[in-house]
Each structure stands twice: as structure tokens, then as C-alpha cells.
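Single-structure report; data block below.
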Protein chains: 2
Amino acid sequence: MAKITLRLIADTLGISVATASKALKDYPDISQKTKRDVKELAATLKYKPNSFAQSLRNQESKIIGLIIPEIVHHFFANIIHGVIKAAEKEGYLVITLQSDESYENEKKQIELLLEKNVDGILISLAEDTVNFKHIKAIIDEGIPVVLFDKISKLIKCSQVVIDDRKAAFEATKYLIDSGCKTIAHVRGPLKPQTTIHRFLGYKDAIEAHGMIYDKALVFEADHLSYEDGRKVAKEILASNQNIDGIFAFTDLLATGLLVKLKEAGVMIPEEVSIIGFSNWFLSKITSPTLSTVNQPGLEMGMAAFKLLFEELSNKKNKVPTEFVTVEIPTNLVIRNSTR
Amino acid sequence: MAKITLRLIADTLGISVATASKALKDYPDISQKTKRDVKELAATLKYKPNSFAQSLRNQESKIIGLIIPEIVHHFFANIIHGVIKAAEKEGYLVITLQSDESYENEKKQIELLLEKNVDGILISLAEDTVNFKHIKAIIDEGIPVVLFDKISKLIKCSQVVIDDRKAAFEATKYLIDSGCKTIAHVRGPLKPQTTIHRFLGYKDAIEAHGMIYDKALVFEADHLSYEDGRKVAKEILASNQNIDGIFAFTDLLATGLLVKLKEAGVMIPEEVSIIGFSNWFLSKITSPTLSTVNQPGLEMGMAAFKLLFEELSNKKNKVPTEFVTVEIPTNLVIRNSTR
DNA sequence: CATAATTTCGAAAACGATTTCGGTGGCTAT
DNA sequence: ATAGCCACCGAAATCGTTTTCGAAATTATG
């Protein structure tokens, strides 16, 4: 059985390829009868336009690229899901790539995507990435780029973020409002911007409520791991500071803290309230369940695609795009690790 | 700045497009000098072949499709990672799609992938899927397909699986060897084949060790959720059967069981040993940490791609492919929920 | 020196779909 | 009868690369 092309349809109908093509796309200069004939035959033959030929002609692939630091990660998996879902609705498919938090990989993968002529690219920057030439280069080439989560304000493009500082403020405020008097913050490594923002949100909240900020109450974890959470818990216990509330940088740390403190006989939340960040799956299954800040990956992914899609449409209509930064609202999820 | 095409290179060098193309691909009938010239110019101009034109000509996209039931899922995220990683090594990119366990979506998404002319497709079947015509149709069209995890032996193609029955046997055996006398099994809903295989593995182990299989020790959870784990725990407590070991269908159920039993004052593992299945992330952070069966998603994803890649290569060389079923070994991960 | 054997290159035909720019043929109005 | 106007269709160029096949130029051979 031969391939079903426009040529085939045209020949069996005794018309030209041009006419067949136009009939399928409802050009006004084709008679109703011809349109019916062509469409009917196309349907029965299950004609599928060859996307290579279309892309070559139209210079668009209807495929976008997505680069994230890590796939096996609750938040980023949600991002992927959101992007794919939103893209599918608009007829776009998504090629996903993982940078492993490496600048070199990021660069290489952008190349791969460009080689495949994706119409646009969505990126969450690798931790390693401090130089933005590679991103700016593709933007200058006219390929729309939208950044999300791990972004940089130094890059001129649309971006999707959460307000880490405000979210951290709210989380800390909740601890204060629920009666905590000595609130610690467990921060992560210095690199990502988010570390600083969440720390500042914590500090803001402390100071906005007539408490005094105390450096000794800020603990730093080397990695954002469960183990490091346990390690910091030991430090907290050893510090003898009567800490009765902890705002942790991320759920994994919070879980480590929670488990270790419980093992040490501390009652959660009666003696110490703990609040995490991200609303990972695991926060639902710790005991007690973990209060946290919901970081809506699905919505962020969808929003990122929508921005890219708008830019793509604008480009097609030769309309310039104004870059915007969309902020996705977070919300507190109060469970049982807080009073 | 104009687009960099072979035409441009050829014209500035005063040669033909044909020669330029062949020079880049090291055809033997091109002089060394010409090759050098072309390659040099191509490099300085950063020439990138237009993939649409290449695909149109060669009838291959160097893109494969991947359909899974659910992206936000520890095991499947590992699969995605494995596939993407293996594919990248061979110069392939991956379009990922989520079927939401729906047969209709699965069908639609296969269409989408075919429209984009992917070279091959990797699928983990949706729960809903009982009819395999849509899969057989694409195989008949000559598009290589490899099934993994949720597979069907009724489809003639290469497949990647684990031996659920054997793995369940080993898990149950461990409970027996560690001294459990009355071992319960918590199974999932009937639909997926895996439910039956893991149940049979449990039964095999019981009977292979001189114990008698007792239907009353098999509990069925409606969903594979944490909540349902808790629900079943209540049933177990109410049944008064002196159960001292539980093999659960999946880690999430096991976690629900563990937490609820602990809340009811049962000592884990002293009074009841619990073993799960899948080695999800959360099994590392329950307290006590959960013993489980490691289901290696990364390896399965990589293996699935490799099978597809082989088939793709065979197809190019007009060599027929013999379909094989690769079994990825599982292994027990013993933590602290078992004696 | 003529002929054969190599190198080295390029014209041209794919791969399919899209779109411009005319061109038919038929009809009405003058 | 001629011009003007529609409605409908198709030839051909285009997108950029690949590959076959033949031709030209060069070198080797008798």
C-alpha cells in the first residue's frame, strides 16, 4: 500500500495537487463540490499531511522544548505535566530534556532543540548557570523563550515565578499568629536566589511582628536532603534556644527535622511547630502531616506554556510581544505539624 | 542576516549545493581541499542543517514518542528520565505524553505522535486499555513500538517488564525467613495484571514454605492510596488474626498501613513487619523506614529505548527484528519496617 | 599520442505541501 | 460582438537537503 499524499488524492480525483490542497483548507476559490470530494476521499484514505513537508514550507514544527534541572522531582514533574497539558490543547507537542543542574548540559540541550527546529523553548535554569549568553543568543535568533521557577531577571523574556519572599512571610506569620515565640529558619545552600528570598520573607515577618531577628536562629543545611534535615535537627536540639517554631526551606528538610525531633522526644506540634515549603507529596504522609506552602507546579507549567504560545502567535502575526512576569499565587496548606 | 543554508555556502564558495552537501558528509568523490573549505565555512557561519528538509528527504525525524499513564509519579518519572537519557545518547529526542489511564487519550495521543512522524513509540498501557487494535495498527504501519511496565502479551512487539510474581515471592519469603508466622497480603484493585502476579507470588511463597494459604489474610484496597492503606489497617486490626507480617501491593499502601498501625499502638517491626513494593522516594522517610522491592524505573526506561533503537536500526538496514521481552531484575531493599 | 582509468564536480530529480499568479470558460451588460 | 466579470482551477516556484548519474578534467597506460 502506497503512502497517502496529496498527489495520490489529486490523481484519483483527476484534479491538481494545488486544488486538493486548497480544498482541504477551505480556500474560497474552490467549488463546494470539489471540496466535498476531496475531503471525503481524504477521510476514507485516512490522509495525514506529511508534517516534514508542512514544516519545511511553513517554517514551524509545532513542537516546543522544555529543559528542567531534574525530572524525578515532585515539583518539576508537575511542571512537565502542566506544560504538556497546556501545549496539547493548542496542538503543540513537547520535547523534554534534563540539564542535571549543569550549565554545559543546558547549552548542549538548547543546541539539540534548535537543531530540531522547535518553535520555542521553556527553561528552568540550572544551578550552575551564571552566564546567560546562551539564552540571550537564542532569543536574538528570534526563538521565543520563557523562563520559569529558576529564572534570571537579567534575561529579557517572559517569566513565570512565585513570590518566594511573600510566601515565606506568610508561612512565618502563621507560626507567629499561632503562638510561636522563638522561630528558627532552616535555609538551604546559598546558590539559588530562592534561598535568599525565603530567608528575607522569614526575616520580614519576624520584624513586622515586633520580634527581633536573631542570627542564631538561622540554620544552614548543606543540601536539601532528608538527611540534612536530621542533621540540622540535632544542631537545633543542641543549641538550647527554646525554639518552638521552624520554617524550613523545603519539605524534605522539614521532614528530616520532624522525624529527628520526634525521635528525640519532642512533641510536634505541641512543643515545636514545623512548616515546610513546596507541598510535596510526602508532606501528606509524614506523621504528623506537614504544614507547608503550596508551590503550584501544574499551574506554573501551564502559565509558562501560555506565555510562550502568545509569543508564538504574535510572532506569526508580526506583532511585537511585551515581556511579562507572571506570578503564580502560593497558598498555605495547614496540616498537623503546626498548632 | 540571512539564513545559513547549503545554497549560501555553495554560492560563496563558487561550488554547487550538491558538492557542499557531499563535502560535509565526507563523500569519497570530493577532494580534500573542497572538503576543508566547506567544513571551515560551515563552522564559521555556524551552519545547521534544516531538520525539516533532512527529515523530508530521509523519512526519519530522530524523535520518538513516549506515552505513560501518569507523569507525576515516582516510578514513571524515573522511566521518563531513563528513556530521555538513553535516547539523547543516540541522538534521539523524546516527546512525552500522558494518557491519564484512559484508552481514548491513548488513541488520540498515538495519532498526535504519528502526525509528527515520530520514528517509534514507547508505551505503558493505560488501565482502561483492553482493546489493542490501535497499537497493532501502528505496528502494522511499520512504526516500531516497545511496551513497558503495563504491557500485554497479546501484542507482538518487544517489551520490558519486571517479574512481579518472583519479586512478590522474594518479598514474602523474606517475611517468612525473618520469623513471621501469619502473613497478610494487601492487594490493589483487580484491573492491572500486576495485581494478580504479585498476589500469586505471595501465595507461592506461603505454600512453598509449608504454610497454608488463607483467603482471610488477603485484603483488597479500592485504590492504591495512602488513605486506603489506613482503611485496610483498620480492617486488619479488627480482624483479630494475629497478623505479624504484611506484604503490600505498593509503597503508598504500605505507608498508610504503617502509619495507622503505629497510631493504634502496634510496634513496627517488633509486632508486625511490613514490606512494600516499588521503592518510592517516600519509603526512605517513613518512620520506621520502609522495606520494599526496588522497581528500577530508570533501568526499565533505558532498556525500553534500547530495544526501540535496535529495531529502528534494523529497519534502516532492512533486517527483520526478533521481538524480545527483557526482564529487568528487581531487588529487595531491606530497611527498618521488617525484622 | 591516443586511449583508458581516475578524480572531481554539478544538474536534476526527488521528498510533499503551500501559495502566488495567471488562465480558462461561461456569463451578463452594453 | 465586445468588453467585463465571475467562479473555478492549475502550473510552477518554494522550502533545504540528499543522492544518483553523467560529464568534465586530470592522470595514467600502452
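Please read all numbers here as calculations on a predicted model, not as lab measurements. Within every chain, numbering begins at 1; the chains are lettered A, B, ... in the order of the sequence lines, protein sequences first and strands thereafter.
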Between K85(A) and D100(B), does at least one N-O distance fall below 4.0 Å, as a salt bridge requires?
-> no
For this session: Run the salt-bridge test on K46(A) and E111(B) with the 4.0 Å N-O cut-off and return the result as yes or no.
Result: no
From the candidates dG16(C), dC9(D), dA11(D), the one with an atom nearest any side-chain atom of T34(A) is dC9(D)
Presence of donor-acceptor pair under 3.5 Å, side chain of K48(A) and base of dG16(C): no
Considering only heavy side-chain atoms of P49(B), the closest of dG10(D), dT17(D), dG16(C) is dT17(D)
Tell me, do K315(A) and T321(A) make a side-chain contact under 4.5 Å, heavy atoms counted?
no
Testing dG10(C), dT18(C), dT17(D) for proximity to the side chain of Y47(B), the answer is dT17(D)
Closest to the side chain of S31(A), out of dG10(D), dA17(C), dC9(D), is dC9(D)
Side-chain contact check for L56(B): nearest option of dT20(C), dT17(D), dG16(D) is dG16(D)
Using only modelled atom types and a 3.5 angstrom limit, is any donor from either the side chain of D29(A) or the base of dC8(D) paired with an acceptor on the other?
no
Testing dT17(D), dG16(C), dG16(D) for proximity to the side chain of Q54(B), the answer is dT17(D)
Would you call K306(B) and E311(B) a salt bridge, taking side-chain N to carboxylate O under 4.0 Å as the test?
no
- Query: Salt bridge check: are K62(A) and E90(A) linked by an N-O gap of less than 4.0 Å?
  - Reply: no
Does the side chain of S16(A) get closer than 4.0 angstrom to OP1 or OP2 of dG10(D) through an N or O atom? yes
- [ ] Decide salt bridge (Lys or Arg N to Asp or Glu O under 4.0 Å) for D37(B) and K33(B); before the verdict, give the C-alpha distance in whole Å, the side-chain angles of both, and the deciding distance to 0.1 Å.
- [x] CA-CA 6 Å; D37(B) 291 351; K33(B) 178 179 168 354; 2.7 Å; yes
Stems with DNA chain C, 3 or more Watson-Crick or G-U pairs in a row (under 3.5 Å), are C:1-30 with D:1-30
